[in-house]
Amino acid sequence: MTTTLLRTAAELHARTRAGRRAVVMTMGALHEGHATLVRTAREIAGPDGEVVVTVFVNPLQFGAGEDLDRYPRTLDADLKIAEEAGADAVFAPSVDEVYPGGEPQVRISAGPMGERLEGATRPGHFDGMLTVVAKLLHLTRPDVAFFGQKDAQQLALIRRMVRDLNFGVEIVAVPTVREADGLALSSRNRYLSARERRTALALSAALFAGRDRHAAQEALRARAREVPATQARAEALSAIGESRAAADAHAVAKAAPGNPAAVRAAARQVLDEAVRLDPPLVLDYLALVDPSDFTEIADDFIGEAVLAVAARVGTTRLIDNLPLTFGTLGAAS
């Protein structure tokens with residue numbers, strides 16, 4: 001397959017296609033995470049469909065002092081990765097093509113959800129992100145668009161925009177792609193020195209600690225619920241060697257379905273230790289939130305949640321997250 005480079009929306013609109021158009025939006029500097037998005041899009045679009053990768057570094061979502069000028073531009077390498085992953089076309093418009101006449105006077109507002117977590121740290125970021133996503137959806141006219149779960153708040157806002165403003169497009173989330181040691185793939189990882197990268201592993205390690213604590217709680221509750229009587233429950237747990245579980249089986253069975261505080265504490269412990277590394281990890285936030293609005297969940301929460309973290313290592317800011325499920329919907333995702 002030969003991937004075609006397109007610079008204008010007119011060129012893209014002139015293409016003929018029989019099946020659905022699938023779009024993967026990127027800011028370039030493609031890596032295996034992006035390639036996974038493209039391969040997923042190729043699979044879902046099918047042989048008759050068309051997969052378009054957008055490459056556009058959006059100036060609206062970079063705040064003062066952020067790395068707009070530093071952000072890597074690697075279009076030749078991006079084309080190769082997109083082609084190998086199965087893209088039919090790469091749409092790499094200029095700033096003038098996306099924003100004719102300069103910065104748009106009318107923009108999409110992310111609302112209250114856009115002011116939390118990433119939005120609190122980067123004011124205006126999500127307004128700029130949603131504005132360019134809306135523009136690119138109009139310019140590319142896809143049937144389905146693919147986004148990674150690593151940018152969980154971005155994904156949630158895009159889904160909300162599409163629903164609230166009646167965009168006729170399906171949004172598909174693709175799980176985060178990680179290195180073998182757990183570090184989430186990101187275009188910004190290339191900025192990390194070897195020592196900084198070792199410190200950066202604390203982000204994923206913290207999330208895994210929270211996930212493991214959550215899974216252990218859910219497994220304990222499941223065992224406790226299997227035995228109806230309090231005394232019998234303790235005896236049964238003791239019989240299988242769960243002495244700690246036997247000691248508090250009744251309390252566990254009566255407790256709320258999940259313990260967000262314990263999940264946060266397990267993750268926080270890893271991050272607190274990373275502060276003492278060389279170089280140190282500088283935490284921005286650790287949050288356990290409801291993905292519908294990105295507010296912190298209560299101790300009696302039941303449903304889907306996101307454990308999210310953001311931190312700086314040296315001059316590089318990184319984010320990561322894991323989905324979790326509390327209560328009757330099951331254990332950790």
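Any value given below was found using the heavy atoms of this structure, including those in side chains, with hydrogens, waters and symmetry copies removed.
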Run the numbers on R213 and Q269 for side chain to side chain contact (heavy atoms under 4.5 Å, CB included), then give the verdict.
CA-CA 12 Å; R213 177 61 174 162; Q269 181 177 353; over 6 Å; no
Return yes if some donor-acceptor pair links the side-chain N/O of [X] with the main-chain N/O of [Y] below 3.5 Å, else return no.
{"X": "Q153", "Y": "E118", "value": "yes"}
{"X": "R42", "Y": "G49", "value": "yes"}
{"X": "T199", "Y": "P279", "value": "yes"}
{"X": "N189", "Y": "A184", "value": "yes"}
{"X": "R268", "Y": "L286", "value": "no"}
{"X": "R7", "Y": "A92", "value": "yes"}

Do [X] and [Y] have side-chain heavy atoms sitting under 4.5 Å apart?
{"X": "K80", "Y": "E83", "value": "no"}
{"X": "L201", "Y": "E179", "value": "no"}
{"X": "P142", "Y": "L137", "value": "yes"}
{"X": "S187", "Y": "H34", "value": "yes"}
{"X": "F56", "Y": "K135", "value": "no"}
{"X": "H214", "Y": "F326", "value": "yes"}
{"X": "L117", "Y": "T121", "value": "no"}
{"X": "R15", "Y": "L6", "value": "yes"}

Do [X] and [Y] land in one hydrophobic cluster if side-chain heavy atoms of ILVMFWY residues count as linked below 4.5 Å?
{"X": "F147", "Y": "F294", "answer": "yes"}
{"X": "L139", "Y": "V162", "answer": "yes"}
{"X": "V52", "Y": "L5", "answer": "no"}
{"X": "V23", "Y": "L155", "answer": "yes"}
{"X": "L130", "Y": "L68", "answer": "no"}

Least distance between heavy atoms, [X] atom then [Y] atom:
{"X": "A262", "Y": "Q217", "answer": "CB-NE2, 3.2 Å"}
{"X": "R39", "Y": "A85", "answer": "CG-O, 3.5 Å"}
{"X": "L307", "Y": "L207", "answer": "O-CD2, 3.4 Å"}
{"X": "L157", "Y": "A110", "answer": "CD2-O, 3.7 Å"}
{"X": "V174", "Y": "T36", "answer": "CG1-CG2, 4.0 Å"}
{"X": "G327", "Y": "I302", "answer": "CA-CG2, 4.2 Å"}

In plain terms, say whether D284 and R312 are close enough for a salt bridge, that is, a side-chain N and a carboxylate O under 4.0 Å apart.
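No salt bridge links D284 with R312.
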Once rounded to the nearest 0.5 Å, what's the spacing between atom [atom1] of [X] and atom [atom2] of [Y]?
{"X": "R188", "Y": "I319", "atom1": "CZ", "atom2": "CD1", "answer": "8.0 Å"}
{"X": "L318", "Y": "R197", "atom1": "CG", "atom2": "CZ", "answer": "10.5 Å"}
{"X": "D88", "Y": "E50", "atom1": "CG", "atom2": "CD", "answer": "5.5 Å"}
{"X": "F126", "Y": "T131", "atom1": "CZ", "atom2": "OG1", "answer": "13.0 Å"}
{"X": "R116", "Y": "T295", "atom1": "CZ", "atom2": "OG1", "answer": "6.0 Å"}
{"X": "L183", "Y": "D320", "atom1": "CG", "atom2": "CG", "answer": "7.5 Å"}

Mind running side-chain hydrogen bond (donor to acceptor under 3.5 Å, both in side chains) on D96 and S94 for me, showing each step along the way?
CA-CA 5 Å; D96 288 340; S94 66; 5.2 Å; no
Please evaluate residues F62 and D69 with respect to the criterion side chain to side chain contact (heavy atoms under 4.5 Å, CB included), reporting the C-alpha separation (whole Å), side-chain torsions for both, the decisive distance (0.1 Å), and the verdict.
CA-CA 10 Å; F62 287 81; D69 293 334; over 6 Å; no
So, applying side-chain contact (heavy atoms from CB on, under 4.5 Å) with L288, which one of L324, N321, V306 is it?
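By the side-chain contact (heavy atoms from CB on, under 4.5 Å) criterion, L288 pairs with just one of L324, N321, V306: L324.
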Apply side chain to side chain contact (heavy atoms under 4.5 Å, CB included) to V133 and I108, showing your working.
CA-CA 10 Å; V133 169; I108 301 291; over 6 Å; no
For E296, is the CD atom crowded, meaning more than 12 foreign heavy atoms sit under 6.0 Å from it?
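Enclosed.
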Would you find more than 12 non-hydrogen atoms of other residues, nucleotides or ligands less than 6.0 Å from R160 atom CZ?
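Atom CZ in R160 is not packed in, count stays at 12 or less.
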Answer yes if the side chains of N58 and Y99 hold a donor-acceptor pair under 3.5 Å, and no otherwise.
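Yes, because at least one side-chain N or O of N58 sits under 3.5 Å from a partner of the opposite role on Y99.
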Pairs satisfying salt bridge (charged side-chain N to carboxylate O under 4.0 Å, His left out), at least one member in residues 140-157, at least two apart:
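For residues 140-157, and leaving out neighbouring residues, the salt bridge (charged side-chain N to carboxylate O under 4.0 Å, His left out) pairs sorted by first residue read R17-D143.
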The criterion is salt bridge (charged side-chain N to carboxylate O under 4.0 Å, His left out); which residues satisfy it with R122, sequence neighbours excluded?
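Residues passing salt bridge (charged side-chain N to carboxylate O under 4.0 Å, His left out) with R122: E66.
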Output, in order, the C-alpha distance, side-chain angles, deciding distance and verdict of side chain to side chain contact (heavy atoms under 4.5 Å, CB included) for I158 and M25.
CA-CA 12 Å; I158 291 170; M25 295 187 187; over 6 Å; no
